[in-house]
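Here the structure comes first, spelled out in structure tokens, and everything after it is commentary.
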Amino acid sequence: MLFEYIAIATLIVLAVIVALIAIGLGELFGPKKKMEEKSMPYESGMTPYGPGTRRMPVRFYLIAVLFILFDIEVVFFLPWAIVFRQLGLFGLIEMAVFIAILLVGYIYAWKKGALEWE
Amino acid sequence: MIWEWLIKALVLIFTLLIGFGYLTYYERRALAFIQSRLGPNRAGPQGLMQWMADAVKLIFKEELTPDNAYKLVFFLSPVVTMVPSIVIAAVIPWGPPVTLFGQTFNQYVADINVGILYLMSIASIAVYGIVLAGWSSNNKYAMMGGLRSSAQMISYELTLGLSFVVVILMAGSMSLVEIVEAQREVTWFAVIQPVGAILFFIATLAEVNRHPFDMPEAEQEIVAGYHTEYSGMKFALFFMAEYQKMIVISAIMTTLFFGGYLGPGVDRFPWLGPLYMAIKIIILLFFMIWVRASWPRIRYNRLMAFGWKVMLPLALALVFITATGILLADTMGNPWLMAIIPVLSLIAGWIATLMVDRSLRRKSYA
């Protein structure tokens, strides 16, 4: 079983090497003429102003928090799905209760407008 | 032992690299065919060497790094985006075991018993590369692209995860080899759970930032999104990652829903396995290109609303319908009772479509 993970590790190392070779080829053969205009941030030809990374809308944080909630729900689903045939009706009802509790939160988030992007 | 791993890994990497090259060619030719143009047909016979010409051109381009970029992260993020797109393919079985030089070889790099969990975790690593690329470029457009992409990918990951749950329920295992073998006994899971397959397809389109969900690189709004500042081979790595993800995700969809390497005569001639895989992958890729040619990009707020308000509840409902159907078939001891799964899920999908239609009509966007 552990050998399988060594095989994956081999693949990861080789993939990183391929990626580095690709960048290396570009660095090796590409021209290098530095100009001030070239190394400016690209803003469709306008002279850039202000910082490049600025404050972002809070909606993105909200989505991230909701994602964590529901992703953990999905993670709970996975082991349940594997042993579902052994659990039978008991498993179905247990999961129904779990989902019902989560749905309350989902409906609350929806009604509060957390899912709106206007 | 170590040689077997090395050779398998190298074969997988080169298959994906050459597949990437021909996929760009295939996409351009297919798009041209749909729009009644010719497409690239100059380099080599029928333009078959076009990808090589593109690669050579990109190698001889200048590698620009903006002065105010965060240099290390700027350098690393193409690598972080590209590596998972190859590594995720490690658990996909490409065919049944074959006998070569008196030894039996399995046609996969690794068969781990948490295969689906592995797919989910590696798929989420790709988000890091894109977000870091957007952030480290220190450019407003790139930043917006990275943010959009992260929000979109995590929203659709929920649906993707729930579609995986549907498959696990039917197969009773997380190992991809066992999932394929489970489809040998019943039938393709796409037949039992057609709506699940469609949901999976839509979610993967959003995961790989393809049309009509390619908001992170919407040219008209934010130039090229997260890779605005990238040029030369670093840009090529992002491009490579996107197309390799398309191939790999089609392979995953084939494995989960369309019977993987199974097909007529595959038991007697195990070498037919990869061929069947390739045919199914090419058909699925054609659907992805067809979607690109047919639909305009959808608006960002609609994209998020669709993900959270339609896909997520529908996927939850499908998990329940599948569980109920399996329970019924098991307790009654009649496998034909599984037939209520496609019926009920098609009804659920139809209701969801009706509700989307109604909500769009009510607001009457001008």
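First the proteins, then the strands, lettered A, B, ... as listed; each starts at 1. Basis for what follows: all heavy atoms, side chains included, without hydrogens, waters or symmetry-related copies.
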- Message: Is the shortest side-chain heavy-atom distance between B/Phe164 and A/Val74 below 4.5 Å?
- Response: no

- Task: Please work out which of the three classes, parallel, tilted or perpendicular, describes the rings of B/Trp308 and A/Phe70, given edges at 30° and 60°.
- Result: perpendicular

- Query: B/Glu63: what forms a side chain to side chain contact (heavy atoms under 4.5 Å, CB included) with it, not counting sequence neighbours?
  - Reply: A/Glu27, B/Met233, B/Lys234

- Task: Under 4.5 Å heavy-atom distance to chain A, tell me which part of B/Leu303 shows up: side chain, backbone, both or neither.
- Result: neither

- Return the option, out of B/Ile86, B/Leu237, B/Val165, B/Leu147, with the maximum number of heavy-atom pairs under 4.5 Å with chain A. B/Leu147

- Item | Close side-chain approach of A/Leu11 to B/Trp5, heavy-atom, < 4.5 Å | no

- Query: Do A/Leu20 and B/Phe75 have side chains that get closer than 4.5 Å, going by heavy atoms?
  - Reply: yes

- Taking every heavy-atom pair that is under 4.5 Å apart, which of B/Leu17, B/Ile154, B/Leu12, B/Leu117 has the most such pairs with chain A? B/Ile154

- Query: How long is the gap from NZ on B/Lys8 to CG on A/Leu14, to the nearest 0.5 Å?
  - Reply: 14.0 Å

- Query: Taking everything shown except A/Phe98 itself, do over 12 heavy atoms lie less than 6.0 Å from its CZ?
  - Reply: yes

- Message: Contact between B/Val319 and A/Met95 at the side-chain level, heavy atoms closer than 4.5 Å - yes or no?
- Response: no

- Item | Which atoms of B/Met170 approach chain A - backbone, side chain, both or neither, heavy atom under 4.5 Å | backbone

- Note on the structure: Heaviest contributor of heavy-atom pairs below 4.5 Å to chain B, chosen from A/Ile99, A/Leu89, A/Val18, is A/Leu89

- Inter-residue atom distance B/Lys309.NZ - A/Trp110.CH2, 0.5 Å rounding: 5.5 Å

- Message: Does any backbone or side-chain atom of B/Leu312 lie under 4.5 Å from a heavy atom of chain A? Answer side chain, backbone, both or neither.
- Response: side chain

- Query: Heavy-atom distance under 4.5 Å to chain A: side chain of B/Leu162, backbone, both or neither?
  - Reply: both

- Quick one: are A/Phe84 and B/Thr322 in side-chain contact, heavy atoms under 4.5 Å? no

- Of all of B/Leu158, B/Thr324, B/Val166, B/Val79, which one pairs up most often with chain A through heavy atoms under 4.5 Å apart? B/Leu158

- Task: Examine whether an atom of B/Ile13 lies under 4.5 Å from a heavy atom of chain A, and if so say whether it belongs to the side chain, the backbone or both; otherwise answer neither.
- Result: side chain

- Item | Heavy-atom proximity to chain A below 4.5 Å, by part of B/Tyr156 | neither

